[in-house]
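Taking it in order: structure first as structure tokens, then the write-up.
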Amino acid sequence: MTTGVRRRMWTVLPLCAAGAVAAIVIAPTVGSTSISLTRAFDTSIPWADNVDAQIFFVARLPRVLAAAVVGATLAASGVVLQALLRNPLATPFTLGVSAGAALGAMIVIAAGLDVGALGVSTVPMASFAGSMGATAIVYWLARSQRRGLSTNVLLLAGVTLNAFFSALIMFVQYLADFTQSFRTLRWLMGDLDVGSYGPLVAAAPFVLLSFAVFAVLPRTLNLLTLGSDVAAARGVDVARAERLAFVSASLATGAAVSLAGPIGFIGIVVPHLVRLLVGADHRVVLPASAFFGAAFLIGCDLVSRTALAPLELPVGIVTAMIGGPFFLWQLVRHS
Amino acid sequence: MRQPRPSRRLVVAGLLACLAGTAVAGWSQPVATSGGGGAQSAPRRIISLVPALTEMLFAIGAGPQVAAVSSYDTYPAEAATRPRVGALLDPDVERVLSLTPDLVAIYGSQSDLRRQLERAAIPVYEYRHAALPDILLTIRDLGRVTGHAAGAEAVAAGIERDLAAVRARVGTRAPLRTLLVFGREPNALRNIYASGGLGFLHDMLVAAGGVNVFADLKQQSVQATTELLLARAPDVILEVREGPAYSSAQVRQAVADWSRLASVPAVKNGRVHVVSGAGLVVPGPRVAGAVARLARALHPGAFTP
């Protein structure tokens, strides 16, 4: 088993990484307007006069990087949560994280509290706070059951909280005035046009911290998918591992949602697709999903930027429209 | 469980409502009246569910006939004294009926409400926001329907006169390629909504001596991405903020937000302007004043003696 996995790690992962890097390099050269790359990188032209450079470095690059971060984060979180909950339908949004984030964003938009600081508006801050609040509630409910985390309670509490928050979101939207309801609705469709590097920098610590935890998880996740008893028998501190997996995945999802809104489908399509292609070992699936998720969202965002150019197609719609049918096709093909 | 259905309707209605609320919706048919059995005498108990129509009714002298208004009516002050009967999404049909109106002014998308009123044989005045000339049409039409033709004519002629005065001042100026922003995330250049090449915000911009940078996009509102803003390179950016007037600190902050797009001529040349206050985006009798404010921001030189 190990030789097979090792071989796959050395063939699949560099391939996925190369794909993600290629996407990051190529995507900023394409867009709704045509720009001259030589002009964009010509430092002899003053910054204020160099439209091509501004389109490349202010409009496109932060956006592509945001897509890479969000795509990688949502895909990796999906892998972690599916293993943790031993449920193939789990997504980064199953445990109420996205509904909490959405509620936070809605309240701030609807109440007109959206003042900003340091180039980051309060909307992402509130959505991050909301996702952490939801995480805390679910965590506290699941922990109060017994010594470890109860994955059943985790799942049920998450799904219930999702429904509860969704009702609150509708309530807030109903009370908000027209323009604000539209803004909240648009927020739910996802948007990667971050417009500067500020939001990326703000999200970076949380994403990096989560990925640091993800890096040590794969072996434990392999054992957890066999059942917590098996994992415990093999010497895994199940309670601690579950806690780590849950908190890091929620933290990463919260940061991703605050950056770009709740972009659906990536957390479920990418992990399953990667599993269909490379097998179930998390040492391959987790990093491969992160790379693939990054490339996938960059691709979807490219469609979103150019399909209706100069207008924009919300990226959440693109991920669902591409991801859904493609996933179903793969499912049929492999079954 | 009938939960999912209302939510979806709310979402769709919210979209429509947004267009209505920002007053940039525009259909080809601005006004249509459908009467309940050809009532000849002027209505004496009018209910208006559209703030722009409420303003018109009070302006043309039909205020005493207005029995109730929508939840969003704040102008004129007298309108706020009337009972409120809901608004675009949530008209309170029971209250409307209990106030025994003989004319109800509704928005074109309120088809459920229209059916209910028709069933009760109550005349309906149906309206949709459209272009600038349609405001004058609607005012004159309302005058005819409510028995205030002379008052309506005076109001409409006044608006025409004021618009002509603006045109006389800015008409000779070189038109400026302008981005008209009516909403965005505060302190960040995200979710920027600007006027496209349709609807009365676009018309107002043109009347104020501007050329809309999004004139080719035939829709009322455009979500402008950073790339699109850089590519269109407007000479002037006008931020219209409906609501309480901005303090000078708020204006400074709003202008500073744009500094990131250094290559845009408007940013380079200090031509980002904030026009804030009430009544700027209401397609009613105050429209000429709003156009004049846009014109002053666009062509300050045309207004100095």
Side-chain angles (χ1 to χ4, degrees), chain A residues 31-35 46-56 58-60 62-63 109 112-124 163 166-167 169-170 173-174 176-188 191-196 198-199 304-305 309-312 314, chain B residues 3-4 6-7 10-23 71-72 87-90 182-193 196 214 216-217 219 221-233 242-243 250 253 256-257 259-265 267-268 281:
Chain A
S32 56
T33 36
S34 63
I35 61 167
W47 173 249
D49 297 324
N50 197 340
V51 183
D52 302 71
Q54 290 209 355
I55 289 182
F56 190 90
V58 177
R60 290 185 190 167
R63 196 174 168 147
I109 294 173
L113 296 172
D114 42 0
V115 290
L118 309 169
V120 180
S121 108
T122 35
V123 174
S166 299
I169 288 167
M170 279 190 256
Q173 265 184 329
Y174 189 70
D177 83 25
F178 298 149
T179 23
Q180 287 158 340
S181 328
F182 181 74
R183 260 187 77 192
T184 57
L185 181 68
R186 180 64 187 84
W187 188 86
L188 291 173
D191 180 24
L192 288 160
D193 189 23
V194 289
S196 71
S304 134
R305 288 191 283 140
L311 297 175
E312 174 132 335
Chain B
Q3 232 177 3
S7 78
L10 189 67
V11 162
V12 174
L15 262 167
L16 284 169
C18 164
L19 293 174
T22 52
S71 323
Y72 292 100
L88 185 65
L89 300 182
D90 56 348
F182 60 86
R184 66 172 165 102
E185 231 168 72
N187 297 65
L189 295 182
R190 292 193 73 173
N191 289 321
I192 297 169
Y193 287 93
F214 292 147
D216 58 318
L217 303 175
Q219 55 185 69
S221 90
V222 172
Q223 191 189 4
T225 58
T226 316
E227 175 160 348
L228 194 55
L229 296 173
L230 288 166
R232 294 290 167 113
E242 175 76 27
Q250 281 174 306
Q253 176 62 53
D257 290 343
S259 61
R260 202 165 292 125
L261 305 181
S263 76
V264 172
V267 176
K268 230 188 298 185
V281 297

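Every chain is numbered from 1, with letters handed out A, B, ... down the list of sequences. Everything numeric in this text was worked out from a predicted model, so none of it was measured.
- Residues A/Glu312 and B/Leu228 fail the side-chain proximity criterion, which asks for heavy atoms closer than 4.5 Å.
- Distance alone, capped at 3.5 Å, places no donor-acceptor pair between the B/Glu227 side chain and the A/Gly31 backbone.
- Partners of B/Arg190 by side chain to side chain donor-acceptor pair (under 3.5 Å), not counting sequence neighbours: none found.
- Taking the side-chain contact (heavy atoms from CB on, under 4.5 Å) definition, one finds that B/Ala233 meets it with B/Pro265, sequence neighbours left out.
- Side-chain contact between B/Leu217 and A/Pro310 is present, with heavy atoms from C-beta onward closer than 4.5 Å.
- Shortest non-hydrogen contact noted between A/Arg63 and B/Thr225 is NH1-CG2, 3.9 Å.
- With respect to chain B, the highest number of heavy-atom pairs below 4.5 Å among A/Val51, A/Asp193, A/Ile35 belongs to A/Asp193.
- The shortest distance between side-chain heavy atoms of B/Lys268 and A/Asp49 falls below 4.5 Å.
- Side chains of B/Asn191 and A/Arg186 form a contact here, defined as non-hydrogen atoms less than 4.5 Å apart.
- Of the atoms belonging to A/Ile55, heavy atoms from both backbone and side chain fall under 4.5 Å from chain B.
- At a threshold of 4.5 Å between non-hydrogen side-chain atoms, the residues A/Leu311 and B/Gln219 count as touching.
- When heavy atoms are compared at a cutoff of 4.5 Å, B/Leu261 approaches chain A by way of both its backbone and its side chain.
- Using a 4.5 Å cut-off between heavy atoms, B/Tyr193 contacts chain A through its side chain alone, with no backbone atom that close.
- To the nearest 0.5 Å, atom CG of residue B/Leu89 and atom CD of residue A/Gln173 are 11.0 Å apart.
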